[in-house]
Each structure stands twice: as structure tokens, then as C-alpha cells.
Peer 1: 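The structure follows.
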Amino acid sequence: MPYLVDTNVLLRSVDPSHPMNPDAVNAIRTLRDRGEQLHIVPQNLIEFWNCRQHAQTGEMALYHVHVLKCCKTPYLS
């Protein structure tokens with residue numbers, strides 16, 4: 001079953017200091033382990049970028065790589 005991943009889940013999954021990080025990472029991992037399709041859409045990327053625009057350049061690159069590894073989308077393949 002395909003799932004559209006909410007931007008909040010993406011944001012929490014890349015912020016190890018956030019209290020919901022383990023839940024977000026576990027949710028993504030569980031769905032991927034079950035073979036579910038995880039998708040993001042351009043709106044996710046816009047919201048993600050806006051929330052992370054104040055991060056350091058190197059840190060920002062790591063966030064983007066993590067998100068792209070977690071989710072596949074026809075817009076980015």
C-alpha cells in the first residue's frame with residue numbers, strides 16, 4: 001500500500017534531538033521493512049526546506065540525503 005509521508009514525520013526523523021525522533025524513525029523503518037511504498041510530493045520538499053533553511057550548509061545536505069534515502073518519489077527518481 002502506498003503512503004504519503006507527512007512533512008512532520010520527515011522533519012522529526014532527521015532531528016535526533018526532537019523527542020518524537022524515535023517514533024518517526026520507527027514508523028518509516030516499519031513501513032519500509034513491510035515493503036510499503038513511501039512517497040513524498042513537492043509540497044513536502046518545500047515545507048522541509050522552509051523548516052530547515054536556518055541549518056548549517058553541511059547539516060542541510062545530510063538532511064536532504066536522509067530524506068531522499070527514506071522515500072522514493074517519481075519527481076526525484
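Since the structure is predicted, the reported quantities are computational estimates derived from the model, not experimental observations.
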Peer 1: Taking only residues two or more places apart in sequence or in another chain, which ones pass side chain to side chain contact (heavy atoms under 4.5 Å, CB included) with Asp6?
Peer 2: Asn8, Val9
Peer 1: Of the non-hydrogen atoms in Thr7 and Phe48, which two are nearest, and what is the gap between them?
Peer 2: CG2-N, 3.8 Å
Peer 1: Using the side chain to side chain contact (heavy atoms under 4.5 Å, CB included) criterion, which residues pair with Glu36? Sequence neighbours excluded.
Peer 2: Met1, Tyr3, Leu31, Arg34
Peer 1: Let me check something: any side-chain donor-acceptor pairs from residues 19-28 under 3.5 Å, sequence neighbours excluded? List them with distances.
Peer 2:
| residue | atom | partner | partner atom | Å |
| --- | --- | --- | --- | --- |
| Asn21 | ND2 | Arg12 | O | 2.9 |
| Asn21 | ND2 | Ser13 | O | 3.3 |
| Asn21 | ND2 | Asp15 | O | 3.3 |

Peer 1: What closest approach, in Å, do Asn44 and Val5 show between heavy atoms, and which atom pair accounts for it?
Peer 2: ND2-O, 2.9 Å
